[in-house]
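Taking it in order: structure first as structure tokens, then the write-up.
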Amino acid sequence: MASTIVAIDGPSGVGKTTASKLVAERLGLPHIDTGAMYRALALKAKRLGIAFDDAERLAGLASSTTIDFVPGTRPPRVLLDGADVSDAIRTPEISMGASTVSSVPAVRRALVRMQQDLGERAGGVLEGRDIGTKVFPGTPLKFFLDARAGVRAERRFRELQAKGSDVPLETVAREMEERDAQDSTRADSPLTCDDSYTRIDTSDLTIDQVVDAIVARIRQFGEDVS
Ligand code: DC
């Protein structure tokens with residue numbers, strides 16, 4: 001299983017992070033949240049006063065930054081230049097900032113290389129927007145999670161509420177729509193799904209049903225999973 005790469009792509013609010021974490025546990029593989037890496041870079045840009053669309057300075061920043069995960073932590077703790085930023089990257093401002101930063105080609109090149117290095121170390125369940133198209137296009141284990149827009153907004157709203165946020169549902173829905181439009185229409189590696197993916201609509205499924213569907217499909221590919 002060490003070299004097994006599972007790609008889980010899809011828009012925000014489809015349950016990628018929870019599903020990826022559980023699939024990684026079932027398979028005994030590292031969970032690599034690539035969105036957290038774009039978020040970490042956006043956070044560093046904000047702290048340094050670099051605009052999220054300043055392509056030139058972001059290119060320099062990406063090539064001089066290290067982003068890693070603390071092994072064995074669940075959910076994975078994210079290290080930005082060695083410091084734990086796991087909580088600081090989960091704000092609405094950094095969500096949008098990560099989306100904008102991620103449309104800069106030089107940023108993508110640097111982070112895709114880091115993601116490939118992480119995956120090659122010990123395999124992994126990688127979640128993101130371009131894992132099956134750009135990061136590990138050769139893996140046969142590709143899943144595209146989707147859900148109705150209203151369901152996705154509601155899920156994200158509940159997640160934010162649980163953390164004490166009082167942002168109204170309409171605002172969460174609008175920001176999510178804006179971010180998904182930006183992620184799906186950018187020139188470099190937009191979020192797309194083709195026939196090489198197994199597509200799963202999670203709207204009416206429990207998280208256990210999503211995980212079971214992914215693991216069952218991986219078994220069909222002959223991977224040795226319990
Ligand atoms: O999965 P997330 O919401 O944490 O991702 C934050 C942003 O990062 C997302 O809006 C787009 C970008 N992203 C990307 O472009 N490619 C990836 N593989 C993962 C995330």
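Read the numbers this way: they start at 1 and go in the same order the structure lists the ligands and their atoms.
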Exercise for the section: Any chance you could lay out the salt bridge (charged side-chain N to carboxylate O under 4.0 Å, His left out) test for Glu127 and Lys21, step after step, and finish with the verdict? Expected result: CA-CA 9 Å; Glu127 59 158 305; Lys21 178 181 95 104; over 6 Å; no
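Summarising the local packing, CD of Gln116 is surrounded by more than 12 heavy atoms from other residues, nucleotides or ligands at distances under 6.0 Å.
His31 and Glu25 share no side-chain donor-acceptor pair at under 3.5 Å.
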Which pairs of N or O atoms, one from ligand 1 and one from the protein, are separated by less than 3.5 Å, and what is the distance for each pair?
residue	atom	partner	partner atom	Å
ligand 1	1 (O)	Arg129	NH1	2.9
ligand 1	3 (O)	Arg39	NH2	3.2
ligand 1	3 (O)	Arg129	NH2	3.3
ligand 1	3 (O)	Arg179	NH1	3.0
ligand 1	4 (O)	Arg39	NE	2.6
ligand 1	4 (O)	Arg39	NH2	3.4
ligand 1	10 (O)	Arg179	NH1	2.8
ligand 1	10 (O)	Asp183	OD1	3.4
ligand 1	10 (O)	Asp183	OD2	2.7
ligand 1	15 (O)	Ser102	OG	3.2
ligand 1	15 (O)	Arg108	NH1	2.8
ligand 1	15 (O)	Arg108	NH2	3.4
ligand 1	15 (O)	Arg186	NH1	2.8
ligand 1	15 (O)	Arg186	NH2	3.1
ligand 1	16 (N)	Arg108	NH2	3.1
ligand 1	18 (N)	Thr34	OG1	3.0
ligand 1	18 (N)	Arg129	N	3.1
ligand 1	18 (N)	Asp130	OD1	2.8

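For Thr133, there are no side-chain hydrogen bond (donor to acceptor under 3.5 Å, both in side chains) partners at least two apart in sequence or on another chain.
Each of Gln209, Arg148, Arg155 was evaluated against Thr202; a single residue qualifies, Arg155, per the side-chain hydrogen bond (donor to acceptor under 3.5 Å, both in side chains) test.
Taking CD1 of Ile94 as the reference point, atom OG of Ser99 lies at 12.0 Å (rounded to 0.5 Å).
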